[in-house]
**Q** 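I am attaching a structure below and will ask some questions about it afterwards.
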2 protein chains.
Amino acid sequence: MENRLERIKKHLHSQSYKLTPQREATVMVLLEHEEDHLSAEDVYLLVKDKAPEIGLATVYRTLELLAELKIVDKINFGDGVSRFDLRKEGAAHFHHHLVCIECGAVDEIEDDLLGDVEKIVERDYDFKIMDHRLTFHGICYRCKSKHETDQKDPTEAQNQV
Amino acid sequence: MENRLERIKKHLHSQSYKLTPQREATVMVLLEHEEDHLSAEDVYLLVKDKAPEIGLATVYRTLELLAELKIVDKINFGDGVSRFDLRKEGAAHFHHHLVCIECGAVDEIEDDLLGDVEKIVERDYDFKIMDHRLTFHGICYRCKSKHETDQKDPTEAQNQV
DNA sequence: ATATTTGCAAATTATTTGCAAGAAC
DNA sequence: GTTCTTGCAAATAATTTGCAAATAT
């Protein structure tokens, strides 16, 4: 954690941005909530615990800056709100998401599912892929198991690829 | 085109919604701009040509209704605006998009690229997929060819899958 | 020292809603 | 005739901006 903050600090400095306490607090919140998908407002409320004097506009500006530097990704799951998601360090690609239409949970998928698909797209559409967004909408395992009382689908064994 | 309007009409009626002139004009605009990715405002301006008395709120309400009926899909490419995209009739899945980060063009991909990926996700994450969103960000073929003066990548033949 | 960054409040943008009038069936 | 739908204007929500004061390097 310390290390990542240090590296982000250097990243900022390398572009001659300053690491102000407000920015540091914002980054810390993101690091501590890596699994979540916080809106700007969410981040603001959490940052206020560490730095009560911070303004919402500063959080917006910081998040935009971090997005510019590719430290976070700005994603949108269809409600009108942008959410901010820390890029995993060293990850070759932006991870994917599973959005449950029943309970609203958002789970992350780290697997590199798109390698082959991207090759096809680059070739067939002559498109140089720089980034991607892949989100599945459906029913998460938690909600599925709640339904289990209804009827059971026997084809649910696990296979390997 | 006539047919599709008729079918959409029936679809509305089947849920006891009426096909008002405003709704019809809105659907017509969407049919005539199937390749585009119009915002609510865009649709509003185009519908006004056909039905000048229409209000923006009605367009919003109609688009939301059409999205509910799965006639259109609401998508968001990262700017703060929702865009509305007609579902191809009979398409088993929602098509994908290529967004050019240079010129802003949005191209559509009809190919079913995610069949295998979805099987993996459903199995490994025990997630029942109902819908998906896949967008690639990068450089489109038009912008790529503008750069061609710089240097040329010889691996650009076209293959079939 | 000085260019960057902040906080606040006001502005902007996208979207939604209340409600009385209008239209479809 | 009654229920659904509309248009307008006002409300809300998310985000951005102007600017003087504060601060990191």
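All values reported here derive from a predicted model rather than from experimental measurement. In what follows, chains carry the letters A, B, and so on, assigned in the order in which the sequence lines appear, proteins first and then strands, with residues in each chain numbered from 1. Keep in mind that the numbers below use all heavy atoms, side chains included, and drop hydrogens, waters and symmetry copies.
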**Q** When rounded to the nearest 0.5 angstrom, what is the spacing between CZ in B:Arg123 and CD in B:Glu118?
**A**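 Atom-to-atom, B:Arg123:CZ and B:Glu118:CD are 13.0 Å apart.
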
**Q** Could you tell me the separation between the CG atom of A:Asp107 and the NE2 atom of A:His37, rounded to the nearest 0.5 Å?
**A**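 Separation between the atoms: 8.0 Å.
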
**Q** Would you check if the side chain of A:Thr58 reaches a backbone N or O of A:Ile54 as a donor-acceptor pair within less than 3.5 Å?
**A**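 Side chain of A:Thr58 to backbone of A:Ile54, a donor-acceptor pair under 3.5 Å: no, none is there.
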
**Q** Using a cut-off of strictly less than 4.0 Å between a heavy atom of the residue and any atom of DNA chain C, enumerate the qualifying residues of residues 37-61 of chain A by number.
**A** A:Glu53, A:Ile54, A:Gly55, A:Ala57, A:Thr58, A:Arg61

**Q** Apply the side-chain hydrogen bond (donor to acceptor under 3.5 Å, both in side chains) test between A:Asp85 and each candidate in A:Lys74, A:His33, A:His97; give the one that qualifies.
**A** A:His97

**Q** Specify the residue among A:Thr62 and B:Lys9 whose closest nucleotide of DNA chain C lies further upstream toward the 5′ end.
**A**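 Its nucleotide being nearer the 5' end, the pick is A:Thr62.
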
**Q** Can you tell me if A:Glu122 uses its side chain to pair, donor with acceptor, with the backbone of A:Ile129 under 3.5 Å?
**A** yes

**Q** With a 4.0 Å limit, can you tell me whether B:Thr20 has a side-chain N or O closer than that to the phosphate oxygens OP1/OP2 of D:dT6?
**A** yes

**Q** Is B:Asp112 atom CG crowded by more than 12 heavy atoms from other residues, nucleotides or ligands, each under 6.0 Å away?
**A**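 Yes, the 6.0 Å shell around CG holds more than 12 heavy atoms from other groups.
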
**Q** Under 4.0 Å: is that the gap between some side-chain N or O of B:Gln22 and OP1 or OP2 of D:dG7?
**A** yes

**Q** Listed in order of residue number, which residues of residues 67-85 of chain A have a non-hydrogen atom at under 4.0 Å from DNA chain C?
**A** none

**Q** So which nucleotide from C:dT5, D:dT16, D:dT6 ends up closest to the side chain of B:Arg23?
**A**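 Ranking C:dT5, D:dT16, D:dT6 by closest atom to the B:Arg23 side chain puts D:dT6 first.
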
**Q** Distance check needed: D:dT6 P versus B:Glu24 CD, whole Å only.
**A** 12 Å

**Q** Rounded to whole angstrom units, what separation is found between the CD atom of B:Glu64 and the C1' atom of C:dT15?
**A**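 Roughly 10 Å, once rounded to whole Å.
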
**Q** For B:Glu102 and B:His147, which I'm curious about, is there any donor-acceptor pair between the side chains at under 3.5 Å?
**A** yes

**Q** Among the clusters formed by ILVMFWY side chains lying less than 4.5 Å apart, do B:Tyr60 and B:Leu45 turn up in the same one?
**A** yes

**Q** Looking at five pairs on each end of the helix from C:dA1-D:dT25 to C:dC25-D:dG1, what is the angle between the two axes, given to 10 degrees?
**A** 40°

**Q** How long is the straight-line distance from CZ of A:Phe84 back to OG of A:Ser39, given to the nearest 0.5 Å?
**A**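 One finds 8.5 Å between OG of A:Ser39 and CZ of A:Phe84.
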
**Q** Looking at A:Asp36 and A:Leu38, would you say the former's side chain and the latter's main chain have a donor-acceptor pair under 3.5 Å?
**A** no

**Q** Which whole-number value in Å describes the distance from B:Lys18 NZ to D:dT6 P?
**A** 10 Å

**Q** Would a line drawn from the ring center of A:His93 to the ring center of A:His132 be shorter than 6.0 Å?
**A**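 Yes, close enough.
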
**Q** Take atom CG of B:Leu65 and atom P of C:dT16, then tell me their distance rounded to the nearest Å.
**A**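 That distance rounds to 13 Å.
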
**Q** How close or far is atom P of D:dT25 from atom CD of A:Gln15, stated in whole angstroms?
**A** 16 Å

**Q** Can you check the B:Leu12 CG to C:dA24 P distance for me, whole Å?
**A**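 Atom CG in B:Leu12 sits about 15 Å away from atom P in C:dA24.
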
**Q** Within less than 4.0 Å of OP1 or OP2 of C:dC25, is there a side-chain N or O belonging to B:His13?
**A** yes

